[in-house]
Amino acid sequence: MGFFDTFLKKKSQSEILDETLEKGNANAQLNLGYKYETGEIGGVPNYEISMKLYLKAAEQGSDMAMNNIGWAYHQGLGVEPNQTKAKEWFEKAIEKGNLYAMSNLGIAYFNGMYAPEIPQDFQKALELLTIPANNGDVTSMYAMGIMGLYGLVE
């Protein structure tokens with residue numbers, strides 16, 4: 001096979017996935033994982049593959065991958081819903097400054113639907129939502145507005 005044959009050879013989805021899992025950097029793994037999660041690749045979501053890619057990216061320190069793993073556990077996307085694991089992954093992402101994780105965990109505390117792992121705690125929600133709200137996250141702003149309107153926090 002000559003240079004141009006090698007250069008022009010298209011890789012299969014399987015080859016790209018294997019290569020990205022083994023040699024890919026965190027951003028490539030995160031981006032490919034998102035494409036599998038949303039069904040952009042294959043036409044339907046494939047949470048099993050997206051989780052593998054997110055875990056590889058998280059191993060390399062990707063805070064967004066950590067957030068996405070937390071979201072998968074929070075919502076039960078390809079895994080059994082597990083609020084303890086969701087909270088742990090969100091907290092890992094928050095330690096790295098991830099605003100999405102702050103908002104996701106803050107909203108979980110605001111809703112209080114995930115007790116005992118994530119009970120309703122308006123003060124904790126406010127602490128988590130403040131930074132994303134100050135950076136333009138409308139979901140965080142809305143929740144903070146509701147808490148203020150009804151006097152749920154001081």
Practice item. Evaluate side chain to side chain donor-acceptor pair (under 3.5 Å) for Gln123 paired with Glu154, printing each intermediate quantity in order. Key: CA-CA 8 Å; Gln123 193 60 45; Glu154 293 180 18; over 6 Å; no

Point to revise | Residue pair Asn82 / Thr84: nearest heavy atoms and the distance that separates them | key: OD1-N, 3.1 Å

Check your understanding: Between the side chain of Asn111 and the main-chain N/O of Met113, is any donor-acceptor distance below 3.5 Å?
Key -> no

Check your understanding: Are Leu32 and Leu30 in one and the same hydrophobic cluster, where Ile, Leu, Val, Met, Phe, Trp and Tyr link if side-chain heavy atoms are under 4.5 Å apart?
Key -> no

Review point. Ile131 and Leu128: same hydrophobic cluster, using ILVMFWY side-chain contacts below 4.5 Å?
Key: yes

Point to revise | Ile107 CD1 to Met102 CE distance, which is reported to the nearest 0.5 Å | key: 14.0 Å

Check your understanding: Do Met147 and Phe110 come within less than 4.5 Å of each other through their side chains, counting heavy atoms only?
Key -> yes

Review point. Under 6.0 Å from the CG atom of Leu152, do we count more than 12 heavy atoms belonging to anything else shown?
Key: yes

Point to revise | Cluster overlap Met51 with Leu53, hydrophobic side-chain contacts below 4.5 Å | key: no

**Study point:** Among Tyr54, Tyr73, Trp71, side-chain contact (heavy atoms from CB on, under 4.5 Å) partner for Trp89
**Key:** Tyr73

Check your understanding: So, for Leu129 and Ser140, which heavy atoms are closest and what is the spacing to 0.1 Å?
Key -> CD2-OG, 3.4 Å

Point to revise | Separation between NZ of Lys56 and CD of Gln60, rounded to the nearest 0.5 Å | key: 7.5 Å

Check your understanding: How far does CD of Glu40 sit from CG of Asn31, to the nearest 0.5 angstrom?
Key -> 10.0 Å

Review point. Would you say Asn67 and Ile94 make side-chain contact, with heavy atoms under 4.5 Å?
Key: no

Check your understanding: What is the minimum heavy-atom distance between Ala57 and Ala65, and which atoms define it?
Key -> CB-CB, 3.6 Å

Review point. Are the side chain of Gln75 and the backbone of Ala72 linked by a donor-acceptor contact shorter than 3.5 Å?
Key: no

Check your understanding: Under 3.5 Å, is there a donor-acceptor pair between the side chain of Ser62 and the main chain of Ala58?
Key -> no

Exercise for review: Go through the steps to decide whether Leu55 and Ile69 satisfy the test side chain to side chain contact (heavy atoms under 4.5 Å, CB included), and finish with yes or no.
Suggested key: CA-CA 7 Å; Leu55 286 167; Ile69 294 166; 3.6 Å; yes

Check your understanding: Between the side chain of Asp137 and the main-chain N/O of Ala133, is any donor-acceptor distance below 3.5 Å?
Key -> no

Exercise for review: Please tell me if the side chains of Leu17 and Ile49 come closer than 4.5 Å, counting only heavy atoms from C-beta onward.
Suggested key: yes

Check your understanding: Taking everything shown except Tyr114 itself, do over 12 heavy atoms lie less than 6.0 Å from its OH?
Key -> yes

Point to revise | Min side-chain heavy-atom separation Pro45-Glu37 under 4.5 Å | key: no

**Study point:** Non-hydrogen side-chain atoms of Leu21 and Gln29 separated by less than 4.5 Å
**Key:** no

Check your understanding: To the nearest 0.5 Å, what is the distance between CD (Gln83) and CD (Glu88)?
Key -> 11.5 Å

Point to revise | Cluster overlap Leu105 with Met66, hydrophobic side-chain contacts below 4.5 Å | key: no

Practice item. Kindly work out whether a path of hydrophobic side-chain contacts (I/L/V/M/F/W/Y, heavy atoms less than 4.5 Å apart) joins Val153 to Met141. Key: no

Practice item. Considering non-hydrogen atoms only, spot the tightest contact between Leu99 and Pro132 and give its length. Key: O-CG, 3.6 Å

Practice item. Give the C-alpha distance, both sets of side-chain angles, the deciding distance and a yes or no for side chain to side chain contact (heavy atoms under 4.5 Å, CB included) between Glu127 and Phe122. Key: CA-CA 9 Å; Glu127 291 169 18; Phe122 295 121; over 6 Å; no

Point to revise | Pairwise distance CG(Asn46) to OH(Tyr36) - rounded to 0.5 angstrom | key: 7.0 Å

Practice item. Check for a donor-acceptor pair, side chain of Thr38 on one end and backbone N or O of Tyr34 on the other, with a separation under 3.5 Å. Key: yes

**Study point:** Stepwise side chain to side chain contact (heavy atoms under 4.5 Å, CB included) test for Asn104 and His74
**Key:** CA-CA 9 Å; Asn104 287 334; His74 186 57; 5.9 Å; no

**Study point:** Side-chain (Glu19) to main-chain (Gly24) donor-acceptor, under 3.5 angstrom
**Key:** no

Review point. When you look at Lys87 and Tyr109, which way does the side chain to side chain donor-acceptor pair (under 3.5 Å) test go after all the steps?
Key: CA-CA 10 Å; Lys87 182 179 174 189; Tyr109 277 111; 3.3 Å; yes

